Each structure stands twice: as structure tokens, then as C-alpha cells.
Amino acid sequence: MPGFTTRVIHALHDVEKGAVTPPIYPASTFLQPTEGGEGEFEYQRGSNPTRTDAETTLAAVEGSKHAFAFATGMAATGSVLGMLASGDEVIMGLPVYGGNYRWATIELPKRGVTTTFVPDLNQLTEDHFTDSVKMVFLETPTNPTLRVADIRRITDLAHAHGALVVVDNTFLTPYLQRPLELGADLTVQSATKYLGGHGDLLAGVVATNDGDLAATVAQSQVISGGVLSPIDSYRLLQNVKTLGLRLDRQQENTSRIVEALNNHPGVSRVLVPGSFSEDEARIQSEQASGPGAVFAFELADGKDVRKFLAELKVFGFAVSLGGIESLICLPASMTHGAYSAEDRELAQIPDGLLRVAVGIEGAEDLIEDLTRAIDAA
Ligand SMILES: *Cc1c(COP(=O)(O)O)cnc(C)c1O
């Protein structure tokens, strides 16, 4: 089988007129045969040629039978969590992305669905699975603590109890980790992050190999309408072709920065996937082909976080990740601001923890920026 980037670049066949990129179809509606029967496309919310092209490309990225393009990562998550019905229970890792947490704490209760947060999913046992548990929803590595959960073990356990497993794979993307191959039923991703990759596009993806689940997701697109527009579908299918290239560079930069920070006296600890324990390091190396390009760190006692942030010239102080530009944020007050104080404690997100999303700039420039700001803080 051809390699990842070859598959993604050549996912679309029969490009019209010999053009190396597909055309964009902005039409909201499609003329139907008057003699009865249905045209291939009917109305843009249901499906349209450009979104189909994006979804074909995204399925090549995932290595999945089905992929669906949504307007945002949260619309993708919503289509999956929306499968739960009154009386159901979902087991969710903690921490999870702030938006996923909001779904669990604000939206699901309105629907009569309960969420059980489990801070370390590697400790999941038979006892967690009551008859009402219908889904396990997890992120690995976690945001922003970079804890690693064993996808295959969790999937085996969940499937033995008839529960679906959903992995939010935004942090590693299928370039580095393919949860469907490890047994997960569905993956969701914020394509706003690595797949889009340029800080200028909101999008989400749901992927699965299961035909029934795929039909449910397709139906949710029609019902909820949070679909990706043709223009953004086109931009996403183009941007994602460089995913492997970008991530290679982002990972290379990350390993050099992490090494520099680990050796810096102004840094008290650096968190990367697998740094929590030997067990997690083993799981990470078995289920993913790389650590990705997000890490977290804390400044040593006596350093002033705000002063550090003010000194940065290359890193931008902003939420989000996965773009070509390097960003840094304070999860406790920013991305995870929706957390209750208790859950933030349970998730082990200290106020001063800094999350770094490494871009594709020169590694020397990034290291110089961080070390100069740490020294000045
Ligand atoms: C950003 C993000 C989301 C939400 O995606 P949007 O495109 O912002 O709606 C979901 N999960 C993770 C892990 C994220 O980082």
C-alpha cells in the first residue's frame, strides 16, 4: 500500500479536465430529474460534491471506510455524543478538551445522559461498566497534561460490555495514531488544528468503519446541519495534503525544544506523552508512531508566568494548536476555564501550567525565544 502522504495526495481520482485539484461546487441546491428518481446530489446540507471530495480525502487520512466533514470539531463531537439517549451513561476521560467537558456537564444532563469522569482510564475495570454505560469517550494524549490511555485495552473492555469507544484524536491525528485500527468504533477530530493546519479554518471530522454508525452520523449532519461549507471543504482537502510534512517538522522542533527546557534551571518540569510513567511511555510507543507537537511545562518556583509570557516574541499567546505558527497558552484559565475547581484539581491542571503547540518555524528561533523569556521572568 502507498505511504500516508501519497495516499492523501492521490485520494481523489478522475479529476475533471486533467486539473490536479478538484473544482469547487458552491451550489446550495441541485436540479432534480422531472421524470422521477433522484439526482446524485439534492441539497447542500445533505451532501455536495466538494464536501464529498473532502470526505474522500479525510477517509484516506484516517484509513477509514467513512469520514464526515463538519463545520467545527465541536459539531463533529456533537454528532457522536448526540447518539446517546435518556438513561444512557458515558465514561469520559479527564481531562478532556474544554468543549467536550461542556458537552458532558451542560448538554448531556439536559438529555438525561450521565457522565462518569475517570481521571486515569488505564485504571478502568469491569466494575465501571453498568448496563447503562453505552460509550467510552477519551483523548490520548490528554489535553493539556499529556497522559496516555491504552486504546486497545479500553476498547476490549468496553466491547465486552456492549459500549462504543470514541477517541478524540485531534492531538496526534491519524498520521501518528489510528484508533480505528486499535478497535475504536469512532474517531472525532478538530480539523481546525493539524488537518487544517494554518490557523485560518474551522472544521471537524468523524470517521468510522461501521456502516450503521456511518448512517447515523450522515443523518445527524442532515438533522443538525453543522456541515462544512464547499469553500472550506476545498481548503481543508488542500491543506491536509501537507499534514505529514508539517507534523514531521513540528515533531522535530518539539523534541529539540523539550530537550532545551529539560536542561533549563528555570523550568521545574516538562510534560510530554509518556513522561508520566514507564507504563504510559510503553503504551505511547506501542500505539502511536510519534509524540506529536504539543507539550506542557511549568516554570521553576519564583519565576513569574505573566512576565514570561510578556517577553515572548515568536510564540503567540493564544488558545488553539496544530497550526504552522507556535502558540502558548495557560489551560487552567483559558482552554479549561469551563472546568469546576474540583474537576481541574482531579485533572491535575495547575494554574501555572503552560501548554505549548509547536509550529514549523526554525527550532533555534523557538528555543531562543523561550529561553530568553524564561531567563527574564
Ligand atoms: C479544538 C479541539 C476541539 C474542538 O474543535 P473546534 O474545531 O474548535 O470546534 C475538540 N477536541 C480537541 C482535543 C481540541 O483541541
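As the structure is a prediction and not an experimental result, all values here were calculated from the model. Atoms within a ligand are numbered from 1 in the order they appear, just like the ligands themselves.
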Task: Counterpart residues, side chain to side chain donor-acceptor pair (under 3.5 Å), relative to His66 (two or more places apart) - done: none
Protein heavy atom at shortest distance from [atom]:
{"atom": "atom 9 (O) of ligand 1", "result": "Met74 N, 2.9 Å"}
{"atom": "atom 6 (P) of ligand 1", "result": "Gly73 N, 3.3 Å"}
{"atom": "atom 13 (C) of ligand 1", "result": "Asp168 OD2, 3.4 Å"}
{"atom": "atom 7 (O) of ligand 1", "result": "Thr192 OG1, 2.6 Å"}
{"atom": "atom 4 (C) of ligand 1", "result": "Tyr97 CE2, 3.4 Å"}
{"atom": "atom 15 (O) of ligand 1", "result": "Lys193 NZ, 2.7 Å"}

- [ ] Anything under 30° is parallel, anything over 60° is perpendicular, the rest tilted; go ahead and classify Tyr101 against Tyr339.
- [x]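 Correct class here is parallel.
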Open item on the list: Please confirm whether Ala76 approaches ligand 1 to less than 4.0 Å, judged on its heavy atoms.
Closed with: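 False for this residue.
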TODO: Would you kindly say whether Thr170 and Asp168 are connected by a side-chain donor-acceptor distance under 3.5 Å?
DONE: yes
TODO: Could you tell me whether Glu55 and Arg51 have a side-chain N and a carboxylate O separated by less than 4.0 Å?
DONE: yes
- [ ] May I ask you to decide whether Arg249 forms a salt bridge with Glu252, counting only side-chain N to carboxylate O separations under 4.0 Å?
- [x]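 Looking at Arg249 and Glu252, the cut-off is not met.
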Open item on the list: Strictly distance-based, threshold 3.5 Å: is any side-chain N or O of Thr371 a donor or acceptor partner for the main-chain N or O of Ile367?
Closed with: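 Yes.
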Open item on the list: Closer than 4.0 Å to some heavy atom of Ala203 - which atoms of ligand 1 meet that?
Closed with: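 Those of ligand 1 that fall under 4.0 Å from Ala203 are 7 (O).
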